[in-house]
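A short write-up of the structure that comes next.
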Amino acid sequence: MSKMIVVTGGSKGIGRAIINKFAGIGKNVVVCARNLADLEILKTEVEEVYNVTVHVFKADVSNKEECLGFIKYVNDLDEDVEILVNNAGVFVPGSIHNEEEGAFEMMMQTNMYSTYYITRGLINKMIEKKEGYIFNIASVASFVAYANGGSYAISKHAMLGFSRSLREEMKPYNIKVTSVMPGATYTNSWAGIDLPEDRFIKSQDIADLVFSAYNLSNSAVVEDIIVRPQLGDI
Ligand SMILES: NC(=O)c1ccc[n+]([C@@H]2O[C@H](COP(=O)([O-])OP(=O)(O)OC[C@H]3O[C@@H](n4cnc5c(N)ncnc54)[C@H](OP(=O)(O)O)[C@@H]3O)[C@@H](O)[C@H]2O)c1
């Protein structure tokens, strides 16, 4: 039976780059996002280029019921999950003392709660098989304080804590957990900004780092990946 990579929010940006990388070594893919048309385009393109199967599912991961729907969809597929990438996320800059009402709930639900629900929903089969790899796409905002970090930074700090705890829990089960903490990476998240593209990290760089961590021997785990723009944070 072949093994799949599951990527949340994989129709664009960093998630999409990671999908391309793993499809390139023949992994079948499961991916969710909110926009079904984008998912269908991704499916057509990736299946054609890499000759793998791409399963797409429309879900807004800020909603618990939709996370549970995605988990059921994945678990009902006749293939094991080898790699889970908790990538879907949203960044609204702000400050704790005056960001919009609801910003905290929205970013915690999208970035952190979804990671918790989807991991719990998919990890039991990995535990049974004693095999798996979980990448949590956090941020430099997981460990640095920025004045405009607000609830985004809270949610990404939480993701770092989540990864640390889960890694300890999963050691006996041969499941690796890596926090990926990029600085500014050129994706739609930065649409409209008046800076050259090469001032940013490329999504491809993140995908290459994730792939390198995945390729280490069973004896080693990359706990944290920290990567920043060469000229510093934006
Ligand atoms: N870009 C950066 O500078 C940067 C830096 C550090 C960390 N990160 C983290 O990297 C991750 C990916 O960011 P990105 O910059 O690649 O984003 P992006 O280019 O804006 O793409 C986001 C992807 O997630 C999906 N998505 C967004 N909200 C979703 C939701 N509620 N439910 C399901 N899917 C959702 C989007 O599709 P739909 O819109 O169709 O849902 C899209 O496929 C995020 O967790 C982000 O916090 C990014």
Side-chain angles (χ1 to χ4, degrees), residues 6-21 29-43 45-46 54 56-71 73-74 84-93 105-118 135-144 146 148-160 162-163 178-193 195 197 199-207 209-210 224-229 232-234:
V6 175
V7 181
T8 65
S11 57
K12 296 175 208 144
I14 293 169
R16 171 68 194 257
I18 292 171
I19 287 173
N20 286 348
K21 194 83 195 175
V29 175
V30 194
V31 52
C32 71
R34 293 165 301 181
N35 184 311
L36 189 57
D38 287 346
L39 287 170
E40 295 293 357
I41 292 168
L42 165 94
K43 177 177 170 64
E45 290 176 356
V46 174
V54 179
V56 301
F57 189 85
K58 180 180 174 332
D60 178 346
V61 301
S62 69
N63 177 303
K64 183 173 183 179
E65 291 310 312
E66 296 195 25
C67 288
L68 298 180
F70 181 57
I71 292 163
Y73 173 78
V74 178
L84 167 63
V85 185
N86 288 304
N87 167 73
V90 59
F91 169 49
V92 179
E105 289 82 352
M106 188 273 287
M107 279 184 272
M108 286 298 285
Q109 281 157 0
T110 309
N111 303 347
M112 181 62 251
Y113 286 16
S114 69
T115 297
Y116 178 86
Y117 299 142
I118 291 170
F135 291 95
N136 296 315
I137 311 299
S139 167
V140 289
S142 296
F143 61 92
V144 173
Y146 299 100
N148 70 345
S151 288
Y152 179 75
I154 300 174
S155 71
K156 293 294 182 177
H157 273 68
M159 284 183 76
L160 177 58
F162 172 85
S163 293
T178 299
S179 290
V180 183
M181 294 178 276
T185 306
Y186 195 78
T187 67
N188 275 358
S189 305
W190 293 93
I193 193 163
L195 279 173
E197 194 174 328
R199 181 65 181 79
F200 294 79
I201 304 162
K202 297 180 188 339
S203 293
Q204 180 66 48
D205 291 321
I206 312 295
L209 286 165
V210 166
D224 296 329
I225 294 174
I226 297 172
V227 52
R228 289 180 139 129
D233 287 340
I234 290 170

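What you see below is based on every heavy atom in this structure, not just the backbone, and it leaves out hydrogens, waters and symmetry mates. Just so you know, ligand 1 is whichever comes first in the structure, and atom 1 is the first atom listed for that ligand.
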Can you find a pair of side-chain heavy atoms, one from [X] and one from [Y], that are under 4.5 Å apart?
{"X": "Tyr116", "Y": "Asn86", "value": "no"}
{"X": "Val54", "Y": "Leu42", "value": "yes"}
{"X": "Asp205", "Y": "Thr185", "value": "no"}
{"X": "Arg228", "Y": "Ile234", "value": "no"}
{"X": "Ile225", "Y": "Thr178", "value": "yes"}
{"X": "Asp224", "Y": "Met181", "value": "yes"}
{"X": "Leu195", "Y": "Phe200", "value": "yes"}
{"X": "Met107", "Y": "Val92", "value": "yes"}

How far is [atom] from its nearest protein heavy atom, and which residue and atom name does that atom have?
{"atom": "atom 18 (P) of ligand 1", "result": "Ser189 OG, 3.9 Å"}
{"atom": "atom 37 (O) of ligand 1", "result": "Ser11 OG, 3.4 Å"}
{"atom": "atom 19 (O) of ligand 1", "result": "Thr187 CB, 3.3 Å"}
{"atom": "atom 5 (C) of ligand 1", "result": "Gly183 O, 3.3 Å"}
{"atom": "atom 21 (O) of ligand 1", "result": "Lys12 CB, 3.8 Å"}
{"atom": "atom 40 (O) of ligand 1", "result": "Asn35 N, 2.9 Å"}
{"atom": "atom 45 (O) of ligand 1", "result": "Asn87 O, 2.7 Å"}
{"atom": "atom 39 (O) of ligand 1", "result": "Arg34 NH2, 2.9 Å"}

Counting each atom of ligand 1 from 1 as listed, which ones have a heavy atom of [X] under 4.0 Å away?
{"X": "Ala184", "result": "3 (O)"}
{"X": "Gly89", "result": "44 (C), 45 (O)"}
{"X": "Thr110", "result": "31 (N)"}
{"X": "Asn188", "result": "19 (O), 20 (O)"}
{"X": "Gly13", "result": "16 (O), 19 (O)"}
{"X": "Ile137", "result": "9 (C), 10 (O), 11 (C), 45 (O)"}

To check you understand the geometry: which heavy-atom pair defines the closest contact between Phe70 and Thr8, and what is its length? CE2-CG2, 4.1 Å
Give a yes/no verdict on whether any heavy atom in [X] is under 4.0 Å from an atom of ligand 1.
{"X": "Ala17", "result": "no"}
{"X": "Asn111", "result": "no"}
{"X": "Ala141", "result": "no"}
{"X": "Asp60", "result": "yes"}

Nearest candidate to [atom], where distance is taken over non-hydrogen atoms, out of [options]:
{"atom": "atom 48 (C) of ligand 1", "options": "Ile19, Thr185, Ile14", "answer": "Ile14"}
{"atom": "atom 8 (N) of ligand 1", "options": "Tyr186, Phe200, Phe91, Tyr152", "answer": "Tyr152"}
{"atom": "atom 33 (C) of ligand 1", "options": "Cys67, Ala59, Gly9", "answer": "Ala59"}
{"atom": "atom 9 (C) of ligand 1", "options": "Ser139, Pro182, Ala138", "answer": "Ala138"}

Roughly how far, to the nearest 0.5 Å, is the CG atom of Asn136 from the OG atom of Ser179? 6.0 Å
Distance col, row Ser142:OG vs Met159:CE, nearest 0.5 angstrom, shows 7.0 Å
Evaluate side chain to side chain contact (heavy atoms under 4.5 Å, CB included) for Ser11 paired with Asn35, printing each intermediate quantity in order. CA-CA 8 Å; Ser11 57; Asn35 184 311; 5.9 Å; no
Neighbour count above 12 (heavy atom, 6.0 Å) for Tyr113 OH: no
Would one find more than 12 heavy atoms of other residues, nucleotides or ligands at under 6.0 Å from atom OH of Tyr73? yes
State whether the shortest distance between N or O atoms of Val61 and N or O atoms of ligand 1 falls below 3.5 angstrom. yes
For ligand 1 and Ala33, I'd like to know whether there is a polar contact (N/O to N/O, distance under 3.5 Å). no
So that I can tick it off, tell me whether Lys58 and Glu40 are bridged by a salt bridge, with the cut-off set at under 4.0 angstrom between side-chain N and carboxylate O. no
Counting heavy atoms only, which part of Met181 comes closer than 4.0 Å to ligand 1: side chain, backbone, both or neither? neither
